[in-house]
Amino acid sequence: MDTTLFYNGKILVFSEKNSMSKGDLRGEVCSFVDSMLVSGEKIFKLGNEENLRKFLESENMEFREENLFGKRVIPGFVDCHEHPVMLADTIEEIAALPPEVSSIEDLVEKIRLVRKSMKSGDEVKVDKDSEYGYDGKSGVKDEVNNNWILGWGCDEGKFPEKRLPDRWDLDRGANDVPVSIVRACEHIRCCNSLALKLAGIDENTKDPVGGNIGRDENGVPNGILYENARNLVAEIIPHHDHNDEVELLRKLGEHLSAQGITSIGEMGNLSSKDNHFIYYDVVKRGFRQNVSIFYMWEFYKDKPEFVIEKKHKVLDQQIHVAGLKLIGDGSFSGHTAWTDVPFLGTDEYGISTCSEELLESAIEFCKEQGLQLSFHAMGRRAIKRIVDRLYEEGPWQIGKTDSSETVIPSETVISTESSSSSVSIPPTDSENILPPFARIEHVTEPSDEAIKKAAELGIAFVTQPIFLFSEIESYEKNLGKDRLKETYPIRKMIDMGVLVGLSTDAPATAWADPTDPWANIKGAVTRTAYNGVDTGGKQKITLEEAILLYTKNSARIAGFQKRGSLAEGNYADFVVLLDDPFEMRPDDLQSVRTMRTYINGEKVFDIERK
């Protein structure tokens, strides 16, 4: 087994005073050492260079060495809530965000350009004899569903028109091919007339449970589909060819490595597409991130053939299935989070999108299968609903950490325990620590009672400072300046004892590079938006805390074993930073760059080779 001495660095080590299991960050958070021994995939020893060299000499060990040039070294980021397959798809879609798209008129022109670039004959020809187009309301025939114009990231708060594009706007861009543009929050879909026609949506179409079809004053659908109504179109949008999708995901993996992201949570699609097995194919092409996978339960609950094999749930492998995902409400920026106080200047309280039957069946399945339950809840009523229900239920046993049953598909190398160690690897500080039985996503406006109950029961909170940072215009409009300062109360959550993790929810973020960890961290540390607006200084956390929540805590929440912190016995997932965040102004954190990234002790990104 190869042994490498990394020396002359500033290596962040989390203090054992930190009680990760309780989320208590009071007291010393971290310290720094200058050197680290990595043996094979794992960290063997941490300390000062002189002592480590003496050890190597006394043991007569062969080793290579790498100079860290005095740079800061932190654990690899764990983005425990994003949508990588959806994000990879956006590589070839319209990014409806500044600076390229700063208005509805910009978006219309962008659609025109995309339509102009499409091959002649790409038009979708609608059956004139059918009121709804092909095949009635059931959707569009296979031979015509491969020429959509798609986009993402639309945020009306950044547009001078201060509204979302409707069908008639999008028709001006293209009316002979279907167009679908998803809002930044991913909870609202804007479609042109042909897309509505192909989905069978007209003035007689009823709103689905947990969703609304936007309409004009005459009751005619305006092309804006809210919450579960967006699925009426999502289910007929074609998927990429498998090989193309694998290649897009591989490219995304390279981008994540360049950002220092070493593990990710795959939180599912807004459709019935199964993401699980695509990852095995992309691993064969060099994808290196560890992946924790969730299934969107609403698309699988009525499929008796849906099973998750025991071998796929083992945590200590590169790809593992973690649990089920439910969506309990919408978003604050999209006006659909389920609240107990109406949105500013309205009598609207948002939308509850999860039925009792769906929730109960998910809890039952998770308990039977030893899976984690993930519940999207932004508004206070949605958060209270799930916390109260789980408090009544009580925790259940989650999975196992034994790696003896890891699944290794043919010709795929997936990291597990090394079998030919020449040195004894000490136990890790996260050995055999199972993830919490439940996690709540976003947690924008929780009550003190909900926070207290979550802490008592061991429910984790996974939240995204990037939302308030990047979508400030919508938050100001929908909540007002005072109320928005109380949202995402990360300081309070931590101090009340909740296990909190940070993530991005990419691509459901109004930011051109939605997975950027440092924009996210800047939002948490400064509590100011990208445009300088104060978002509530009382909820600031320190840089050390933000890194801990983005690494050690998020790894624990997602079930990644022996990852997330630089400790003896843990996997050597770490990032060498080109810029030192500990020696710069908090307002400049967004400019931090990655110099090198390592996963399992192997260099997967080097800025000099970029």
Side-chain angles (χ1 to χ4, degrees), residues 41 76-93 150 152 237-296 308-309 311-323 325 403 406-416 503-508 513-515 517 555 558-561 563 571 573 594 597-606 609-610:
E41 297 179 338
F77 288 113
V78 179
D79 193 338
C80 64
H81 182 133
E82 61 176 58
H83 301 269
V85 171
M86 291 169 57
L87 181 61
D89 288 345
T90 66
I91 293 173
E92 295 186 345
E93 296 179 2
L150 303 174
W152 67 282
I237 293 176
H239 302 310
H240 278 284
D241 170 84
H242 179 75
N243 288 331
D244 289 343
E245 193 162 48
V246 168
E247 180 58 20
L248 289 172
L249 195 54
R250 184 196 66 78
K251 290 179 179 178
L252 175 63
E254 291 182 344
H255 182 66
L256 297 176
S257 294
Q259 293 179 319
I261 299 169
T262 57
S263 298
I264 55 177
E266 167 58 84
M267 303 307 293
N269 298 320
L270 300 178
S271 71
S272 58
K273 181 174 173 292
D274 188 342
N275 288 340
H276 182 184
F277 297 99
I278 186 177
Y279 281 99
Y280 296 133
D281 285 339
V282 77
V283 165
K284 296 175 186 177
R285 296 193 189 182
F287 185 87
R288 301 304 302 273
Q289 278 71 28
N290 305 285
V291 185
S292 173
I293 294 176
F294 283 80
Y295 280 91
M296 200 75 75
I308 300 174
E309 295 183 44
K311 62 184 178 180
H312 293 140
K313 294 183 286 187
V314 178
L315 301 177
D316 193 11
Q317 55 186 333
Q318 187 179 355
I319 313 296
H320 77 266
V321 176
K325 170 82 179 293
S403 61
T406 54
V407 55
I408 304 180
S410 176
E411 299 180 6
T412 303
V413 178
I414 296 183
S415 300
T416 58
S503 65
T504 62
D505 197 19
D513 188 355
T515 55
F560 294 118
Q561 298 296 291
R563 301 188 191 274
Y571 288 103
D573 296 357
T594 297
T597 301
Y598 295 78
I599 298 178
N600 297 337
E602 183 178 345
K603 189 188 301 180
V604 298
F605 172 77
D606 188 336
R609 299 177 185 172
K610 187 176 179 182

Query raised in the report: Side chains of His83 and Asn275: donor-acceptor distance under 3.5 Å anywhere?
Result: no

Check your understanding: Which word best sums up how the rings of His312 and Tyr280 line up, parallel for under 30°, tilted for 30 to 60°, or perpendicular for over 60°?
Key -> tilted

Side-chain contact test, heavy atoms from C-beta onward, threshold under 4.5 Å: evaluate it for Arg563 versus Thr262 and give yes or no.
no

On a heavy-atom basis, the closest approach of Pro84 and Glu266 is CD-OE1, 3.2 Å

Would a 4.5 Å heavy-atom cut-off, applied to side chains only, mark Leu252 and Gln289 as touching? no

Taken in chain and number order and not counting sequence neighbours, the residues that satisfy side-chain hydrogen bond (donor to acceptor under 3.5 Å, both in side chains) with Ser503 are Gln464

Verdict with reasoning, Leu256 to Glu82, per side-chain contact (heavy atoms from CB on, under 4.5 Å):
CA-CA 12 Å; Leu256 297 176; Glu82 61 176 58; 4.0 Å; yes

Candidate pair Lys603 and Arg609, rule side-chain contact (heavy atoms from CB on, under 4.5 Å), full reasoning: CA-CA 11 Å; Lys603 189 188 301 180; Arg609 299 177 185 172; 4.2 Å; yes

For a 4.5 angstrom cut-off between non-hydrogen side-chain atoms, does Phe287 reach Gln318?
yes

Asp79 meets the side-chain hydrogen bond (donor to acceptor under 3.5 Å, both in side chains) criterion, sequence neighbours left out, with Thr504

**Report entry** His255 side chain reached by Asp513 side chain, heavy atoms, under 4.5 Å
**Finding:** yes

What one should report as the nearest heavy-atom pair of Ser263 and Asn290 is OG-ND2, 3.1 Å

In short, salt bridge (Lys or Arg N to Asp or Glu O under 4.0 Å) pairs touching residues 251-263 with sequence neighbours left out are Arg250-Glu254

Residues passing the side-chain hydrogen bond (donor to acceptor under 3.5 Å, both in side chains) test with Asp89, sequence neighbours excluded, are none

For Thr594, the side chain to side chain contact (heavy atoms under 4.5 Å, CB included) test, sequence neighbours excluded, returns Val575, Thr597, Phe605

>> Could you check whether any side-chain N or O of Glu247 sits under 3.5 Å from a backbone N or O of Arg285, counting only pairs where one atom can act as donor and the other as acceptor?
In response: no

(Q) Counting C-beta onward and ignoring hydrogens, is there a side-chain heavy-atom pair between Met86 and Met267 closer than 4.5 Å? (A) no

Residues His276 and Val321: closest non-hydrogen pair is CE1-CG2, 3.4 Å

Exercise: do Gln259 and Thr515 side chains pair donor with acceptor under 3.5 Å: yes

When rounded to the nearest 0.5 Å, the distance separating OH of Tyr598 from CG of Asp606 is 7.0 Å

Residue pair Ile599 / Tyr571, side-chain heavy-atom distance below 4.5 Å: no

Interatomic distance, OH@Tyr295 vs CD1@Ile308, rounded to 0.5 Å, equals 6.0 Å

TODO: Would you confirm whether Ser292, through its side chain, and Ala558, through its main-chain N or O, come within 3.5 Å as a donor-acceptor pair?
DONE: yes

By salt bridge (charged side-chain N to carboxylate O under 4.0 Å, His left out), Glu309 pairs with (sequence neighbours left out) Lys311

Closest heavy-atom pair, Leu87 versus Pro507, reported as atoms and distance to 0.1 Å, is CD1-CB, 3.6 Å

Across all chains, not counting sequence neighbours, the side-chain hydrogen bond (donor to acceptor under 3.5 Å, both in side chains) partners of His242 are Asp281

Sequence neighbours excluded, the answer for ring-ring contact (aromatic ring centres under 6.0 Å, His included) partners of Phe294 is none

